[in-house]
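Because only heavy atoms are used, hydrogens play no part in the values below, and waters and symmetry mates are left out as well, while side chains stay in. Labels below follow one simple rule: chain letters A, B, ... track the order of the sequence lines, proteins then strands, and each chain is numbered from 1.
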There are 2 protein chains.
Amino acid sequence: MARGENRPVTVRMIAEHVGISPAAVSTVLANRHEERRLAPATVERIRQAVRELGYVPNVAARRLRAHDPEVRHMELGILTSFEAPLFLVSRALRELQRSVDQRTAPDRRFSVSIDMFHAGRLREMPGLLSASRYNGVIISNTLPADDAFLTATTLPYAVVVQGRRLANYSCVLETPGVGGRRAAEMLLAGGRRQPAVLIPALLTQTTADRAESFCAAVRELTGRDAARISAADFTPASGAAALRSHLEAEPRCDGLFAVTDTLALGAYHAIKAARRTVPGDVAVVGVGDHEHADFFDPPLTCVGPVYDQVVAEIVALLFNLMSRRRVHPTEVFVPPTVARRASA
Amino acid sequence: MARGENRPVTVRMIAEHVGISPAAVSTVLANRHEERRLAPATVERIRQAVRELGYVPNVAARRLRAHDPEVRHMELGILTSFEAPLFLVSRALRELQRSVDQRTAPDRRFSVSIDMFHAGRLREMPGLLSASRYNGVIISNTLPADDAFLTATTLPYAVVVQGRRLANYSCVLETPGVGGRRAAEMLLAGGRRQPAVLIPALLTQTTADRAESFCAAVRELTGRDAARISAADFTPASGAAALRSHLEAEPRCDGLFAVTDTLALGAYHAIKAARRTVPGDVAVVGVGDHEHADFFDPPLTCVGPVYDQVVAEIVALLFNLMSRRRVHPTEVFVPPTVARRASA
DNA sequence: CAGAAGAGCTAAATCGATTTAGGCTCAAGT
DNA sequence: ACTTGAGCCTAAATCGATTTAGCTCTTCTG
């Protein structure tokens with residue numbers, strides 16, 4: 001395997017290698033050699049060369065040439081991190097697809113895809129800066145490092161950021177300062193005296209805000225500080241581990257705000273393992289408008305924005321940006337609501 | 001909004017509209033008019049025209065022109081249906097990304113994205129047939145209609161199909177005929193006399209096989225037929241509803257094989273709502289190597305292939321196909337294993 | 001007033017693949 | 001001997017955007 005000097009293999013290179021025209025190579029690659037009557041021997045030589053040289057088609061070139069010039073094609077993407085739960089993203093995608101299906105016309109088509117980056121390393125995403133991949137994107141689940149990168153950059157296409165405020169970007173997010181407060185109020189109104197918040201080590205802006213507003217509200221309403229329990233990541237396992245330690249250190253803990261549903265699942269496990277009950281011994285409030293929260297045992301009381309509404313706002317904004325009907329960055333806030341179930 | 005005769009707006013059209021060269025328009029679009037010293041008035045006229053005409057850049061053209069000719073770019077996709085749970089897909093994506101990160105070199109980059117289709121309507125996916133979107137794809141969660149479409153077609157790029165056998169495609173799937181049998185054996189060995197299987201209305205091939213092999217094994221081992229409980233879809237809610245009816249009609253039901261984890265979650269709910277216990281009154285076996293199954297209450301015993309192994313096989317196959325080291329379709333079977341937990 | 005400097009813009013090549021129209025050879029038919 | 005046709009292949013245009021090299025005109029300098 002030679003490296004370095006070997007540029008990507010093109011149709012032209014194959015043609016030269018075989019001593020034939022690019023047209024013939026293209027014909028074979030498209031499997032149209034029969035109708036175009038290429039000699040079987042030639043076809044074989046071309047195929048051989050294709051294999052030997054390790055040809056990989058350039059999809060951009062193919063698309064450019066192949067597309068119907070009557071149809072305009074819009075490429076939309078949802079960018080999220082590998083580390084984030086895909087669940088919300090899939091709802092966003094579904095909703096985006098719905099909007100897009102409505103707008104699809106004979107002369108107007110859309111492609112929607114999900115792309116993922118490693119949390120905190122959005123800047124390394126290939127093609128992010130080049131405007132050569134998307135007509136518009138939704139960016140979600142960024143960490144502060146990603147936010148800093150975005151703020152320092154201007155992406156040359158339509159962007160809507162979900163779940164955080166960023167200078168110069170259009171953003172859709174939960175009204176800040178409210179979610180955590182609602183959770184705190186619920187727990188305290190339920191007579192809990194030792195409320196704690198369970199958070200992952202890496203916080204997105206919205207998650208951090210939830211934790212902050214929770215702690216602020218607890219302090220304001222009780223004069224004491226809420227415990228902050230830090231889990232290694234978002235998984236139930238790390239949530240369970242973190243809560244287990246906490247319950248040992250602080251046995252009087254009687255109320256919990258878990259900032260993701262996966263952490264809440266782990267928390268349930270730890271609470272039950274410690275032979276306590278939800279909500280009898282420990283009340284739990286989760287986050288979001290989770291489609292499975294009803295099936296937690298007990299069903300999980302949640303605080304969060306109605307997700308469909310968030311997505312609808314995002315999609316509307318994105319299309320306005322792409323059509324340039326809106327030029328300046330806009331912030332849209334969706335207030336969190338409480339879905340009262342059995343856990344608090 | 002005129003329709004029909006209006007072809008997509010190109011840079012050239014804007015240039016003609018303004019009475020200037022395409023180069024100038026391109027300069028403005030790239031926001032490089034300062035360094036290239038375009039007159040502010042001209043810039044404004046161009047911007048105006050861009051807005052008026054509703055210009056949408058052609059990303060394929062941009063990419064073709066913009067890319068570094070030293071670097072070969074491979075586009076990989078994971079195709080799955082909107083209706084399927086995204087959870088497994090996200091693991092596949094993560095694993096694919098890992099492989100891809102390893103293979104990334106200065107002269108070799110990859111893009112990986114998830115694309116979704118409506119279950120049963122894969123054929124409507126734009127760009128599927130044209131070879132102008134992907135260098136290689138993994139197709140997952142297809143329904144019989146999609147399978148039929150695929151069998152009748154030859155996609156002009158590397159394809160690996162997950163979870164079903166299709167003529168002329170390379171496939172990776174759970175060893176057929178085994179998973180359901182294991183589930184049946186476990187339930188029967190646990191002394192269950194009235195085992196049932198809970199399935200969604202729309203069955204993928206693997207899911208259907210699990211249900212079949214379960215029923216076959218029950219019949220073989222007991223001489224009686226297992227009950228088939230059909231849920232409207234994959235959601236916990238529909239699983240709960242279906243099982244509720246079943247428990248009313250068939251109160252002696254004491255063992256359940258739920259073919260997806262979401263259905264199992266719904267099943268737990270219905271069983272508890274009927275004031276029965278898992279596994280005391282009803283033992284439950286789920287499917288897969290689910291990262292959250294440990295945190296179900298009680299933890300869910302599962303039958304299924306080790307998912308990481310499945311993904312590893314898929315990725316290996318895909319790369320072999322793309323490099324043309326393997327030309328003929330191959331089938332890879334991954335045997336299901338049992339993860340024994342508390343529910344059965 | 002010649003020449004330089006700069007402002008403002010354009011022509012044309014280019015990215016990689018596809019496809020249309022047509023060219024050349026040789027054999028068969030008249 | 002001349003046409004016809006089949007077989008096999010090529011030249012060149014094309015998709016839409018970007019960029020380099022360079023052109024023209026004005027203004028300023030010495």
Atom [atom1] of [X] and atom [atom2] of [N]: how far apart are they, to the nearest Å?
X: A:E35; N: D:dG7; atom1: CD; atom2: P; value: 14 Å
X: B:H33; N: C:dA7; atom1: NE2; atom2: C1'; value: 15 Å
X: A:R12; N: C:dT19; atom1: CZ; atom2: P; value: 17 Å
X: B:N31; N: D:dT19; atom1: CG; atom2: P; value: 13 Å
X: A:R133; N: D:dA17; atom1: CZ; atom2: P; value: 18 Å
X: A:L29; N: C:dT19; atom1: CG; atom2: P; value: 12 Å
X: A:R32; N: D:dC8; atom1: CZ; atom2: P; value: 17 Å

Determine the interplanar angle of the A:F110 and A:F319 rings, folded into 0 to 90°, and report it as parallel if under 30°, tilted if 30 to 60°, perpendicular if over 60°. perpendicular

Sidechain N-carboxylate O distance under 4.0 Å for B:E75, A:R63: no

Please find the pair of heavy atoms, one from [X] and one from [Y], that lie closest to each other, and give the distance.
X: A:R12; Y: A:P22; value: CA-CG, 4.4 Å
X: A:R47; Y: A:H33; value: NH2-CE1, 3.1 Å
X: B:A158; Y: B:L321; value: CB-CB, 3.7 Å

Using a 4.0 Å cut-off on protein heavy atoms (strictly under), produce a 5'-to-3' string for nucleotides 9-16 of chain C with B for base contact, S for backbone-only sugar-phosphate contact, and - for none. SBB-BBBB

Quick one: label B:R72 by what it contacts on the DNA or RNA (base, sugar-phosphate, nothing), any heavy atom closer than 4.0 Å. nothing

A:S81 versus A:N141, side-chain donor and acceptor atoms under 3.5 Å: no

